[in-house]
Amino acid sequence: MASPVPVVRIAPSPTGDPHVGTAYVALFNRCVARRGGGRFLLRIEDTDRTRYDASSEGKIFEALRWLGLTYDEGPDVGGPNGPYRQSERTALYREMAETLLAKGAAYRCFCTEARLEELRATQRAMKLPPGYDGYCRRLTPDEARKHLAEGRPYVVRMIVPKEGETSFTDDLRGVVRFENRTIDDQVLLKSDGFPTYHLANVVDDHAMEVTWVIRAEEWITSTPKHVLLYRAFGWDEPRWTHLPLLRNADKSKISKRKNPTSLIWYRDQGFLPEGLLNFLALMGYSLPDGREKFTLADLEATFDITRVSVTGPVFDLEKLKWLNGEWIRGLSDDDLAARLVAHHVRRAAAPTPEDATHPVLTWMARHPGADAAFASIVRRSAPLVKERIRTLEEYGEIAACFFHDGLPTYPAADLVAKKRTPAESRDALVAVRARVAAAEFRAPALEAALRALADETGWKPGDLFTPVRTAVTGAKISPPLFETMELLGRDTTLARLDHAIAALSA
RNA sequence: GCGCCCAUCGUCCAGAGGCCUAGGACGCCAGCCUUUCAAGCUGGUAACACGGGUUCGAAUCCCGUUGGGCGUACCA
């Protein structure tokens, strides 16, 4: 049964934005495939026509590509076991449903939605466990034939034995048992002709030679139904592993309302694919040596699925930001700059209302076509901000001083040094202006000049730099002052100092 | 309600009977460094849910309780 080469898959539904949980499950699946020298495939489970979202599939491809979670087979990359879209495989499911019908492992159910609802209401009222009552299972062949001839809509349900139990072995939890009487006669083929997950999943995994099902924990309760289907078809069961569910802070299954779940959000927020992936791996997994920062390749090289923990991890955005910051600090200046440029170019292509005040995006809007100038500013500022940002998006806050076209605005009070009067601060700025004007415009020279000034006037360096910082950057928090002045250049720096002096003279 | 899964610091993990006076990381607090903010470095805060067993010995094994989660759809 245990195939030497694992064939695994992820099977997301195209019902909205690509979900962080999809990436999470994809990550572990891919690790298993890579480690075992096997194959990893992507199958689109688009059998729910009411929730189908045409734009979703492409976004799933894009998000997985962004993360580097590439697959060996899939709708967009092809493969020998296609098509990889379930809506294109409906003939197969119908055929397989017929097979089950012929084997006496399934039956047609003509119950209407109304009857089912009534049944559920009754069961609820009588505090009975919900579930199909098997009405159509007891139909005589003649009755069934008659209904069919009348063209009454029907679904195909699987026949679950009333006695005994069905169990399976989960890699992380051992044997899991279910009494058959607690398992419902699951619908396999819907009245619209599309299969339910249960049928399609089993049929496709078998057809696509999947040997190992690694999916989220929410599927555990459905697994005995799948086991029963494999048996009804006479097929070998795959190996089963159920991964823990990512959680909100309140421990409930991660959801849009309580936590960002869209992979697109994480990308637009400026998380690096390496950082997100690394963080996801930390949710339930750890390397034996305890190292927390590692690459996908590191993970794949040593991955051991038995090390995955089974408790549902709370998704902690703060730790993600820290880890992403670690990744950013580990980037070369060139790489960081390239990513910052790409990030802002993409952001600019799809602006949001809040972006109207974004320092970087508004600069780009004011300077159309100034790609080279933009890239230059970003490249030169990258080393100054590298230790100060945890996401690419945070660049805009700390680097705003490089993107003012005119003069920066700020409260004049910010120009006043600690324990000094506005007049004293103005005089200090006048002196600073003179030294700066005379200095070579390089950070070390500028710093030396102003430190000398502080020394001569009896100011503490830090106190003297405060008004200068506000004047030059327009903010109390900024990249290192002298490097910033050098980057801004003599003209801009002097203009800003003059503006500050004027503000304090008013 | 019923079924199934789970249970170590606020959070993420380590711990596979003695190495645990329970270790690391994020966060938080304090100090150092320091031109702001960061980064970096030091130190601190903080947990084995509870009760029974088993054992010479249990965070680690078993049972129960409690708590949380998931499932209970012609959704996946």
Side-chain angles (χ1 to χ4, degrees), chain A residues 11-15 45-48 50-51 109 111-113 116-117 120 123-124 127-132 153-157 170 172-173 176-179 181-184 186-198 200-201 215-224 242 244-245 247 249-253 279 282-293 306-307 309-323 325 329 385-390 397-398 447 450-451 454 460-466 468-470 473 475-482 484:
Chain A
S13 281
T15 54
E45 307 235 334
D46 55 350
T47 57
D48 184 345
T50 61
R51 292 203 306 156
C109 172
C111 290
T112 61
E113 192 60 47
L116 260 22
E117 258 168 52
R120 277 191 282 268
Q123 287 166 334
R124 216 175 310 122
K127 292 187 190 283
L128 289 169
Y132 184 61
Y154 65 88
V155 301
V156 173
R157 287 182 185 273
D170 180 279
L172 304 175
R173 305 156 229 268
V176 182
R177 306 170 182 286
F178 294 83
E179 291 199 45
R181 60 180 171 74
T182 67
I183 305 172
D184 209 2
Q186 186 60 234
V187 171
L188 300 176
L189 204 60
K190 301 183 254 188
S191 54
D192 65 359
F194 279 85
T196 58
Y197 171 87
H198 309 284
N201 165 69
R215 73 224 306 189
E217 188 181 6
E218 55 190 334
W219 292 110
I220 286 182
T221 349
S222 312
T223 305
H242 291 90
L245 244 20
R247 312 296 183 101
D250 65 3
K251 302 276 189 183
S252 58
K253 175 166 80 166
F279 177 71
L282 253 21
M283 301 277 89
Y285 195 74
S286 60
L287 293 183
D289 64 9
R291 198 154 42 104
E292 294 211 287
K293 185 188 173 200
T306 65
R307 284 187 65 84
S309 80
V310 287
T311 45
V314 171
F315 194 100
D316 180 4
L317 212 45
E318 278 307 308
K319 185 155 184 177
L320 203 211
K321 285 180 185 170
W322 163 76
L323 223 207
R329 289 190 290 280
V385 304
K386 194 193 263 185
E387 296 165 340
R388 295 173 169 76
I389 59 175
R390 295 175 300 173
E397 301 159 31
I398 192 73
E447 177 167 5
L450 294 197
R451 282 192 185 280
K460 280 162 67 174
D463 291 347
L464 179 61
F465 300 159
T466 297
V468 180
R469 181 183 310 283
T470 299
T473 70
K476 293 205 248 187
I477 295 172
S478 78
L481 184 54
F482 306 106
T484 298

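A note on names: the letters A, B, ... follow the listed sequences, proteins ahead of strands, and every chain is numbered from 1.
Between Arg451(A) and U35(B) there is a side-chain polar atom (N or O) within less than 4.0 angstrom of OP1 or OP2. Look at Arg173(A) and you won't find any side-chain N or O under 4.0 angstrom from OP1 or OP2 of A7(B). Checking the phosphate oxygens (OP1, OP2) of U35(B), no side-chain nitrogen or oxygen of Lys460(A) falls inside 4.0 Å. Applying the 4.0 Å criterion to OP1 and OP2 of G71(B), one finds that Ser222(A) has every side-chain N and O outside that range. In terms of phosphate contacts, Arg157(A) brings a side-chain nitrogen or oxygen within less than 4.0 Å of OP1 or OP2 of C74(B).
Rounded to whole Å, the C1' atom of A49(B) lies 7 Å from the corresponding atom of G67(B). Taking atom C1' in both G17(B) and A38(B), one finds a spacing of 46 Å when rounded to whole Å. Distance check on atom P: A22(B) versus C9(B) gives 14 Å, rounded to whole Å. Nucleotides C48(B) and C12(B) place their P atoms 16 Å apart, quoted to the nearest Å. Taking atom P in both U21(B) and U11(B), one finds a spacing of 24 Å when rounded to whole Å. Between the C1' atoms of A59(B) and C20(B), the separation comes to 9 Å (whole Å). Taking atom C1' on both G31(B) and G68(B), the two are 40 Å apart, rounded to the nearest angstrom. On the C1' atoms, C56(B) is 25 Å away from C50(B), given to the nearest whole Å.
Using Watson-Crick or G-U wobble geometry with both donor-acceptor distances under 3.5 Å, A73(B) finds no partner in any strand shown. The partner of U66(B), taking Watson-Crick or G-U wobble pairs whose two distances both stay under 3.5 Å, is A7(B). Pairing of C37(B), defined by two Watson-Crick or G-U wobble distances under 3.5 Å, is not identified with any nucleotide. Pairing for C28(B) goes to G44(B), judged as Watson-Crick or G-U wobble with the two contacts each under 3.5 Å. Base pairing annotation: A14(B) forms no Watson-Crick or G-U wobble pair, as no partner gives both donor-acceptor distances under 3.5 Å.
Atom pair Leu188(A):CG and C74(B):P shows a separation of 11 Å (rounding to whole Å applied). Put simply, CG on Leu323(A) is 14 Å from P on A39(B), counting in whole angstrom units. Rounding to whole angstrom units, CD of residue Glu217(A) and P of C5(B) are separated by 10 Å. We find that CG of Asp463(A) is positioned 15 Å from P of U34(B), with the value rounded to whole Å. A straight line from CZ of Arg124(A) to C1' of C2(B) spans 15 Å, rounded to a whole angstrom. Protein atom CD of Glu218(A) is 16 Å distant from nucleotide atom C1' of G3(B), rounded to whole Å. Atom-to-atom, CZ of Arg247(A) to P of C6(B) comes out at 12 Å; the value is rounded to the nearest Å. The NZ-P distance, from Lys253(A) to G69(B), rounds to 13 Å in whole Å.
Residue Pro129(A) places its side chain closer to G1(B) than to any other of A38(B), G1(B), A76(B). Here C74(B) is the nucleotide among C74(B), A38(B), C5(B) with the atom lying nearest to any side-chain atom of Glu113(A). For Thr182(A), counting side-chain heavy atoms from C-beta on, the closest listed nucleotide (A39(B), G3(B), A76(B)) is G3(B). Distance from the side chain of Pro130(A) is smallest for A73(B) among the nucleotides G71(B), A73(B), C37(B). Distance from the side chain of Ile220(A) is smallest for C5(B) among the nucleotides C37(B), C5(B), A76(B).
At a threshold of 4.5 Å between non-hydrogen side-chain atoms, the residues Phe315(A) and Leu320(A) count as touching. You'll find the side chain of Phe279(A) stays beyond 4.5 Å of the side chain of Leu317(A), heavy atoms only. Side-chain contact between Leu481(A) and Val468(A): present, with at least one pair of heavy atoms (C-beta onward) separated by less than 4.5 Å. Put simply, the side chain of His242(A) reaches to within 4.5 Å of the side chain of Thr223(A), judged on heavy atoms.
Contact annotation for Thr470(A): no contact, since no heavy-atom pair falls under 4.0 Å across all strands. Using a 4.0 Å heavy-atom cutoff across all strands shown, Glu179(A) reaches no nucleic acid atom at all. At the heavy-atom level, Arg469(A) lies under 4.0 Å from base atoms of the strands shown. Across all strands, Ser191(A) comes closer than 4.0 Å to base atoms (heavy-atom distances). As judged by a 4.0 angstrom heavy-atom cut-off over every strand, Leu245(A) is placed among residues touching the sugar-phosphate backbone only. Looking at heavy-atom distances under 4.0 Å, Phe482(A) makes contact with a base. Note on Pro224(A): nothing from the nucleic acid sits closer than 4.0 angstrom, heavy atoms only. Using a 4.0 Å heavy-atom criterion, one finds that Val176(A) contacts the sugar-phosphate atoms exclusively. Residue-level contact check: Pro12(A) touches neither bases nor backbone, having no heavy atom under 4.0 Å from any strand. Counting non-hydrogen atoms under 4.0 angstrom, Lys127(A) reaches nothing in the nucleic acid. Residue contacts shown for Phe178(A) are limited to sugar-phosphate atoms, with no base heavy atom under 4.0 Å away.
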request  = For Arg390(A) and Glu318(A), run salt bridge (Lys or Arg N to Asp or Glu O under 4.0 Å): C-alpha distance rounded to whole Å, both residues' side-chain angles, the deciding distance at 0.1 Å, then the answer.
outcome  = CA-CA 10 Å; Arg390(A) 295 175 300 173; Glu318(A) 278 307 308; 3.5 Å; yes

inquiry  = If you apply the rule salt bridge (Lys or Arg N to Asp or Glu O under 4.0 Å), what do you find for Arg173(A) with Asp170(A), and how did you get there?
reply    = CA-CA 5 Å; Arg173(A) 305 156 229 268; Asp170(A) 180 279; 3.3 Å; yes

request  = Classify every nucleotide of nucleotides 9-28 of chain B by which part a protein heavy atom approaches to under 4.0 Å, writing B for the base, S for the sugar-phosphate alone and - for neither, in 5'-to-3' order.
outcome  = --SBSSS--------BBS--

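Toward the 5' end of RNA chain B, the nearer of the two residues Leu189(A) and Pro461(A), judged by each one's closest nucleotide, is Pro461(A). Comparing Lys476(A) and Arg181(A) by the nucleotide of RNA chain B whose heavy atom lies nearest to each, the residue mapping closer to the 5' end is Arg181(A).
For Ser13(A) against Glu45(A), the heavy-atom pair with the smallest separation is OG-O, 3.2 Å.
Note: Tyr197(A) and Trp219(A) have parallel aromatic rings, judged against thresholds of 30 and 60 degrees for the angle between ring planes.
Asp192(A) and Lys190(A) are not joined by a salt bridge, as no carboxylate oxygen comes within less than 4.0 angstrom of a charged side-chain nitrogen.
For the atom pair Glu397(A) CD and Ile389(A) CD1, the distance stands at 10.0 Å (nearest 0.5 Å). Here NZ of Lys293(A) is found 9.0 Å from CZ of Arg329(A). Values are rounded to the nearest 0.5 Å. Here Arg157(A) contributes atom CZ and Asp184(A) contributes atom CG; the two are 6.5 Å apart, rounded to the nearest 0.5 Å.
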